[in-house]
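Worksheet for the structure shown next.
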Amino acid sequence: MLHASVADRYVGHRTVFLRLLRLAFAAAGTYWILLYLLPLETHAALRSGQSIIYFILLSLWGFDYMREQKRLAVIIEAANSRNIPPRDVTLNDVEKSASLFSMFIPRSGFGGIVLPVLFITGLISAWILIIRQYVLAFSSM
């Protein structure tokens, strides 16, 4: 459990991000069922588009995991330096690393600007590619 000031900053955004990421993985995975219902001669062309989708989704998942590890480390360090439980660490206590607590809204610093933009563009491009794959599959039926 995080302090309300920290949780308000990113928990809602991260929940939305993870939900969209999981749905994208589910849509990309469900595509394989549709793919194997199609004739064999169309498989190679339709499978080739899946690799980039998984590359994007796994990269986004990895970047989120990396940032989550950094967020937790920052909170634990702040809690240890103040001798308080981690749930009592406020956003003011971790202000120098506040950009870690942003998923979609660009903040200050390189990671605070680049990674939220990467998360947004990565999700959008993955969803566009997933929809494109489904359109290609249905058009070849």
Side-chain angles (χ1 to χ4, degrees), residues 1-82 84-141:
M1 199 73 187
L2 297 172
H3 190 270
S5 65
V6 176
D8 289 342
R9 177 79 173 260
Y10 91 103
V11 169
H13 290 233
R14 185 161 187 268
T15 302
V16 169
F17 171 77
L18 289 177
R19 187 166 294 138
L20 289 172
L21 188 66
R22 286 184 191 121
L23 284 172
F25 269 115
T30 305
Y31 176 79
W32 289 97
I33 296 170
L34 176 64
L35 179 70
Y36 285 110
L37 294 176
L38 296 173
L40 283 175
E41 47 286 344
T42 61
H43 283 211
L46 294 175
R47 279 192 323 224
S48 65
Q50 286 295 98
S51 298
I52 189 69
I53 293 170
Y54 285 115
F55 175 76
I56 292 170
L57 293 176
L58 288 170
S59 295
L60 291 175
W61 184 40
F63 285 131
D64 175 58
Y65 180 78
M66 174 189 66
R67 283 175 60 102
E68 185 66 15
Q69 294 300 314
K70 288 182 181 179
R71 282 190 283 265
L72 292 175
V74 165
I75 288 175
I76 290 169
E77 287 173 13
N80 288 342
S81 69
R82 294 188 58 220
I84 58 173
R87 70 176 177 268
D88 292 337
V89 174
T90 66
L91 192 58
N92 291 335
D93 298 330
V94 293
E95 191 61 39
K96 66 179 182 174
S97 301
S99 64
L100 287 172
F101 298 91
S102 179
M103 291 299 296
F104 295 124
I105 300 168
R107 305 285 181 185
S108 63
F110 180 76
I113 294 171
V114 172
L115 286 173
V117 170
L118 182 74
F119 289 144
I120 292 168
T121 57
L123 279 175
I124 290 171
S125 62
W127 274 105
I128 288 171
L129 291 172
I130 290 169
I131 292 168
R132 180 179 169 268
Q133 286 292 94
Y134 274 96
V135 168
L136 290 174
F138 283 122
S139 67
S140 66
M141 286 183 138

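Residue indices begin at 1 and follow the sequence shown.
- Under a cut-off of 6.0 angstrom, the local environment of CZ in F55 is sparse, with at most 12 non-hydrogen atoms contributed by other residues, nucleotides or ligands.
- Heavy atoms from other residues, nucleotides or ligands lying under 6.0 Å from CH2 of W127 number more than 12.
- Closest non-hydrogen pair, D88 versus H3, comes out as O-CD2, 4.2 Å.
- For S102 against P116, the heavy-atom pair with the smallest separation is O-CG, 4.0 Å.
- The aromatic rings of F101 and Y10 sit perpendicular to each other, their planes meeting at more than 60°, with 30° as the lower class boundary.
- Between L123 and L60, the shortest heavy-atom distance links the atoms N-CD1, 3.6 Å.
- The side-chain heavy atoms of L20 and V16, taken from C-beta on, include a pair separated by under 4.5 Å.
- Distance check: E77 CD to L72 CG gives 11.0 Å after rounding to the nearest 0.5 Å.
- Residues R71 and L100 are in side-chain contact: their nearest non-hydrogen atoms beyond the backbone lie under 4.5 Å apart.
- Residue G112 comes nearest to S99 through the heavy atom pair CA-CB, 3.5 Å, listed as atom of the first residue, atom of the second, then distance.
- In this structure, I130 CD1 and S125 OG are separated by 9.5 Å, a value rounded to the nearest 0.5 Å.
- Atom-to-atom distance recorded for R14:CZ and R67:CZ is 10.0 Å, nearest 0.5 angstrom.
- Between F25 and W61, the ring-plane angle classifies as perpendicular under the 30° and 60° cut-offs.
- Shown here for L136 and S139, the closest heavy-atom pair between the two residues is O-OG, 2.9 Å.
- The CG atom of L21 lies 8.5 Å from the CG atom of L58; values are rounded to the nearest 0.5 Å.
- In this structure a side-chain-to-backbone donor-acceptor pair under 3.5 Å is present from D93 to T90.
- Note that CZ of R22 and CG of L57 are 13.0 Å apart. Values are rounded to the nearest 0.5 Å.
- Under the side-chain contact (heavy atoms from CB on, under 4.5 Å) criterion, L129 pairs with I52, I53, I56, sequence neighbours left out.
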Practice item. Please lay out, stage by stage, how Y31 and Y134 fare under the test ring pair (Phe, Tyr, Trp, His ring centres under 6.0 Å). Key: CA-CA 7 Å; Y31 176 79; Y134 274 96; 5.4 Å; yes

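- Scored by the ring pair (Phe, Tyr, Trp, His ring centres under 6.0 Å) test, F63 finds no partners at all (sequence neighbours excluded).
- The two atoms that bring R9 and A98 nearest to each other are NH2-O, 3.6 Å, heavy atoms only.
- From T15, atom OG1 reaches atom CE of M103 across 9.5 Å, with rounding to the nearest 0.5 Å.
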